[in-house]
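To start, the structure itself, in structure tokens.
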Amino acid sequence: MSVLGSGESEKRAPLKRRYIQLLAAVFYNCNIKGFLSGSIYKGDIKGLCVPGLNCYSCPGAVGACPLGSLQSGLLSSKYKVPYYVLGTLILFGLMFGRLICGFLCPFGLLQELLYKIPGKKIKKNRITVMLTYLKYVILVIFVIVIPLVKLVPGFCKYICPAGILEGGIPLTYMDPQIRGLIGVLFSWKFIVMVVILTICVFCFRSFCRFVCPLGAIYSFFNPISFFGIRVDNDKCIHCNACVKNCKMDVKRVCDRECIQCGECIKECPVDAISYKKIKK
Amino acid sequence: MNKKNTAITVITLILAIVLIIAGIYDGGYNDVKNKAIRICYECIGIG
């Protein structure tokens with residue numbers, strides 16, 4: 001069984017990607033009632049983590065944010081190890097790796113749409129390659145150390161643009177009580193969000209490449225994930241067309257920076273790149 | 001995928017399943033749900 005079809009359908013895979021991204025964003029946030037009432041979903045399935053970055057305080061969210069849940073779990077790790085969240089993150093990573101970034105992340109979709117705004121674009125270079133390591137620093141400091149030491153969800157509180165965009169703005173707009181609590185932190189997070197989204201207009205998926213700790217976690221699983229891109233080494237002529245045409249900071253296909261979007265499939269002159277298949 | 005990677009994948013899969021089962025058993029699912037059904041004030045920038 002092919003992950004995304006076979007032959008010609010594999011060649012067309014990148015065209016289908018936008019629909020999958022859109023479907024994932026709608027599926028994660030299908031609680032329409034929440035958008036109308038200014039409240040969040042409180043059903044039993046909210047304990048299930050979604051694979052992509054999606055704030056659980058978004059009025060539409062029907063699942064939990066894996067990154068928020070991890071930080072929340074680490075806050076109380078003195079009393080209980082967050083086995084469930086760790087297991088879920090490992091399972092998602094093992095199944096899909098950074099295919100999640102390319103296909104199943106609503107914030108990734110937003111970044112790609114912003115990049116479509118015409119204007120001067122910053123192409124990958126030595127500095128952007130160096131900046132890719134920043135997300136690992138953010139993962140350690142804001143997602144692990146600050147929750148363990150300061151007992152606050154560091155990334156959610158100080159950086160996460162998805163929280164303010166999906167949760168903060170709609171909830172403060174619709175709920176006067178929450179609006180009355182707006183202070184310095186809201187202003188800080190709003191500025192961070194505006195800066196990140198503005199940079200995304202000029203620099204492809206800049207949040208994803210340089211900041212996102214969830215992408216950093218999934219990047220460790222890219223070489224061993226069940227689904228994703230593969231290169232047929234027998235066919236590969238090492239022309240490097242795949243890497244040259246990729247907007248991410250990859251050094252080779254399917255390395256830690258590869259979001260497995262499949263854009264390189266159509267660039268390969270010898271059809272050496274395809275999506276992995278599950279043997280029947 | 002070579003043999004080494006296959007072994008790592010299988011071990012990681014078993015680890016993930018064991019962690020999820022252990023997590024559900026010790027109330028991890030409910031912990032996540034209880035956090036997710038309340039508005040996260042840090043996330044939305046209130047504090």
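In what follows, every chain begins at residue 1, and chains take the letters A, B, ... in the order their sequences are listed. Computation of the quantities below employed the complete heavy-atom set of this structure, encompassing side-chain atoms and omitting hydrogens, waters and symmetry-equivalent molecules.
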Next on the checklist: As an exercise, state the distance from CD1 of B:Ile46 to OG of A:Ser57, rounded to the nearest 0.5 Å.
Outcome noted: 10.5 Å
Next on the checklist: Given heavy-atom pairs under 4.5 angstrom as the criterion, report whether the side chain, backbone, both or neither of B:Leu15 touches chain A.
Outcome noted: side chain
Item to check | Leading residue by heavy atom contact count with chain A [cutoff under 4.5 Å; candidates B:Gly23, B:Gly27, B:Ala22] | outcome: B:Gly23
Checklist entry - Most heavy-atom pairs under 4.5 angstrom with chain B, which of A:Leu165, A:Ile40, A:Ile90? => result A:Ile40
Item to check | Portion of A:Ser72 that has a non-hydrogen atom of chain B nearer than 4.5 angstrom | outcome: side chain
Next on the checklist: So does B:Asp26 get a backbone contact from the side chain of A:Lys80, meaning a donor-acceptor N/O pair under 3.5 Å?
Outcome noted: yes
Item to check | Residue A:Phe27 excluded, over 12 heavy atoms near CZ under 6.0 Å | outcome: no
Checklist outcome for this item: When rounded to the nearest 0.5 Å, the distance separating OG1 of B:Thr9 from CZ of A:Phe221 is 10.5 Å
Checklist entry - Can you tell me how far OG1 of A:Thr172 sits from CD1 of B:Ile44, rounded to the nearest 0.5 angstrom? => result 7.0 Å
Next on the checklist: Does any part of the side chain of A:Tyr84, heavy atoms only, come nearer than 4.5 Å to the side chain of B:Val32, both counted from C-beta?
Outcome noted: yes
Next on the checklist: Counting heavy-atom pairs closer than 4.5 Å to chain B, which one of A:Leu86, A:Val152, A:Leu94 comes out on top?
Outcome noted: A:Leu94
Item to check | Heavy-atom proximity to chain A below 4.5 Å, by part of B:Asp31 | outcome: side chain
Next on the checklist: Nearest 0.5 angstrom please: B:Thr12 OG1 to A:Ile224 CD1, how far?
Outcome noted: 4.0 Å
Next on the checklist: Is A:Ile182 close to chain B through its backbone or its side chain, or both, or neither, when contacts mean heavy atoms under 4.5 Å?
Outcome noted: both
Checklist outcome for this item: OG1 (A:Thr88) and CG (B:Leu19) are apart, to the nearest 0.5 Å, by 9.0 Å
Checklist entry - Taking C-beta and beyond as the side chain, do A:Leu48 and B:Tyr29 meet within less than 4.5 Å on heavy atoms? => result yes
Next on the checklist: Counting only non-hydrogen atoms closer than 4.5 Å, does A:Leu181 touch chain B with its backbone (N, CA, C, O), its side chain (CB onward), both, or neither?
Outcome noted: both
Checklist entry - Which heavy atom in B:Glu42 sits nearest to a heavy atom in A:Lys189, and how many Å separate them? => result O-NZ, 3.7 Å
Item to check | Heavy-atom check, side chain of B:Leu13 versus side chain of A:Phe226, under 4.5 Å | outcome: yes
Checklist entry - At their closest point, which heavy atom of B:Ile39 faces which heavy atom of A:Ile178, and how far apart are they? => result CD1-CD1, 3.7 Å
Next on the checklist: Around atom OH of A:Tyr83, are there more than 12 heavy atoms from other residues, nucleotides or ligands closer than 6.0 Å?
Outcome noted: no
Next on the checklist: Please classify the contact between A:Val184 and chain B as side chain, backbone, both or neither, with a heavy-atom cut-off of under 4.5 Å.
Outcome noted: neither
Checklist entry - Which answer fits A:Lys157, side chain, backbone, both or neither, if we ask what part of it has an atom under 4.5 Å from a heavy atom of chain B? => result both
Item to check | Exceeds 12 heavy-atom contacts within 6.0 angstrom, atom CZ of A:Phe190 | outcome: no
Checklist outcome for this item: Taken to the nearest 0.5 Å, the spacing of B:Arg38 CZ from A:Lys42 NZ works out to 8.0 Å
